[in-house]
2 protein chains.
Amino acid sequence: MRSADDADLTARARIRDTAIRRWGTDGFGASVRGIAADAGVSPALLLHHWGSKDGLRQACDEYVLDRFARETDRMTAQELATASAWAILDRDPEFAPLAAYVRRAVTDERSAGRFWTALVDDTRRWLQQATAAGRVLPTRDEETRAELLVVLSLGAQLLAHHLAPPGTPADRLLAAVSERVTGPALELFTHGLFTDDRLLQAYLDHRPGEEPRP
Amino acid sequence: MRSADDADLTARARIRDTAIRRWGTDGFGASVRGIAADAGVSPALLLHHWGSKDGLRQACDEYVLDRFARETDRMTAQELATASAWAILDRDPEFAPLAAYVRRAVTDERSAGRFWTALVDDTRRWLQQATAAGRVLPTRDEETRAELLVVLSLGAQLLAHHLAPPGTPADRLLAAVSERVTGPALELFTHGLFTDDRLLQAYLDHRPGEEPRP
DNA sequence: CCGGAGGCTGAACACCCGTTTAGCATCCTG
DNA sequence: CAGGATGCTAAACGGGTGTTCAGCCTCCGG
């Protein structure tokens, strides 16, 4: 969690970090009073700095988005050979609270969609590069294929408490899920699911002149 | 929504239906007072019948689960040739409120997992039958493959507001999502994603003696 | 040394929540 | 016809919520 510069230890930064952690684990229903208590601070201070609960939330959005953007920019092509930037960060325990926050934000109905587009952009970039390198098949619709993969990985995280073996401790949840799921996922990604292309052909015949996106 | 027998029009049933609809659209945070107002009834009546908000919720769980179970049992092998039972019900507008409730329930942290297992069982059955019929490839781990497919379809529904074109009306959301997604999904299901099996082989070599499930 | 600005707090406000209680009609049963 | 169960409600209770406000310290510049 902790940022690079230690001068960031102001109460303001501490509250922001606490809010991210709290909202990430308990959802945005978690109260201002609860966050303030966790940060060892008066509830009023939080309103003093950001005006309202929603103001703090927007500041957290901004911070998390910025943090991830800076981190993904730092990654070399070498690192990105096997997995997308977000997939790599997902495995980093230091980023677990941030990732949990992203999961909450992207599911929230009144989310502005910036987290979603960030995720999709990231995997689309990775897919395009992997396609160019000949590791991934070309597709009729790169955008939607990227979104589909985001749905799969994000969905697995959102449903982690069902996917992981019962009794898995909370901090091991995501690791347990990926452990269970990568095998069948790789199977699906290399061989597909169907034995022939009849359903796909039927679909393509049914809507012949379809374009990738309007 | 309306059940088969019209004698079910008691206030009790009306409240239950209203609660399912309300919680399905707004989440379980929706208040007892709001549900009572929608049903044209005093908030106290609701507590009178079910003891507590949580009691009503359990009754709704039971009702929805039972309704889907009865409906899937009615389906013939003919109908189940192309899609699983839940996938068929998902397209039925009459079941939209029920399906929305299921989506809320399965995401809720303190869900007992009955909705999840119902979904997984349904698609596992379908996959097994399709595999036996030679339409779907065999797999090393039927259980997890079924869960993976549930993650994909459920995830697409949970993230529908991002997947659907902007400005899609709420009642068209799911249809718009499936319209956008089926093409790339069929592509993935018939051809896979990777050009070769190097990643899969590397994975299988890395953990050679792995069993499907402990 | 003085004074103002900024970080910070305790107490209160208005509102919404789930729930309780007492009591009202109504209807079925003995 | 009496009487008790049943369906239902109005009003209130206690507690949690986001937010406001007056005022406290502390530190820094003139």
Side-chain angles (χ1 to χ4, degrees), chain A residues 2-3 5-63 101 104-105 107-112, chain B residues 2-3 5-63 101 104-105 107-112:
Chain A
R2 293 283 314 104
S3 172
D5 44 342
D6 254 79
D8 202 17
L9 269 169
T10 58
R12 194 184 163 99
R14 207 172 61 245
I15 296 173
R16 191 232 299 126
D17 288 357
T18 314
I20 289 171
R21 196 177 296 261
R22 228 347 221 261
W23 281 336
T25 61
D26 295 348
F28 292 110
S31 72
V32 166
R33 283 175 167 84
I35 295 169
D38 282 4
V41 129
S42 150
L45 179 58
L46 198 149
L47 284 305
H48 169 72
H49 276 310
W50 291 280
S52 69
K53 182 181 183 177
D54 207 70
L56 172 57
R57 163 131 180 228
Q58 287 177 25
C60 290
D61 281 6
E62 227 65 42
Y63 178 79
Y101 184 91
R104 293 288 181 183
T107 322
D108 195 75
E109 340 254 278
R110 47 173 202 168
S111 148
Chain B
R2 294 285 312 104
S3 175
D5 45 341
D6 253 80
D8 202 17
L9 269 169
T10 59
R12 192 184 164 99
R14 209 172 58 245
I15 296 173
R16 192 230 302 124
D17 287 357
T18 312
I20 290 171
R21 196 177 297 260
R22 217 10 210 255
W23 282 337
T25 62
D26 295 349
F28 292 110
S31 71
V32 167
R33 282 176 167 84
I35 295 168
D38 282 4
V41 129
S42 149
L45 178 56
L46 199 149
L47 283 306
H48 168 72
H49 276 310
W50 292 279
S52 69
K53 180 181 184 176
D54 207 72
L56 172 57
R57 162 130 182 229
Q58 287 177 26
C60 290
D61 281 6
E62 227 65 41
Y63 177 78
Y101 183 91
R104 294 287 180 183
T107 321
D108 196 76
E109 341 254 274
R110 46 172 206 171
S111 148

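It should be emphasised that the depicted structure is a prediction, and the values quoted were computed from it without experimental measurement. Residue numbering restarts at 1 for every chain, and letters A, B, ... go by the order of the sequence lines.
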Open item on the list: Is there a side-chain contact between B:Arg14 and B:Val41 in this structure, where contact means two heavy atoms from C-beta onward sitting under 4.5 Å apart?
Closed with: yes
Distance from [X] atom [atom1] to [Y] atom [atom2], nearest 0.5 Å?
{"X": "A:Leu46", "Y": "A:Ile35", "atom1": "CG", "atom2": "CD1", "answer": "6.0 Å"}
{"X": "B:Arg22", "Y": "B:Arg104", "atom1": "CZ", "atom2": "CZ", "answer": "12.0 Å"}
{"X": "B:Leu56", "Y": "B:Leu47", "atom1": "CG", "atom2": "CG", "answer": "9.0 Å"}
{"X": "A:Asp61", "Y": "A:Asp54", "atom1": "CG", "atom2": "CG", "answer": "9.0 Å"}

Open item on the list: Using only atom types and a distance under 3.5 Å, with no angle test, would you say the side chain of A:Arg16 pairs donor to acceptor with the backbone of A:Cys60?
Closed with: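 Side chain of A:Arg16 to backbone of A:Cys60: no pair is present.
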Open item on the list: Between B:Trp23 and B:Ala30 (side chain of the first, backbone of the second, donor and acceptor by atom type, cut-off under 3.5 Å), is there such a pair?
Closed with: yes
- [ ] Using chain B heavy atoms and a threshold of under 4.0 Å, write down where along DNA chain C the contacts begin and end, 5' to 3'.
- [x] C:dC17 to C:dT20
Task: Protein proximity profile, nucleotides 14-27 of chain D - base contact B, sugar-phosphate-only contact S, no contact -, cut-off 4.0 Å on heavy atoms - done: ---BBBB-------
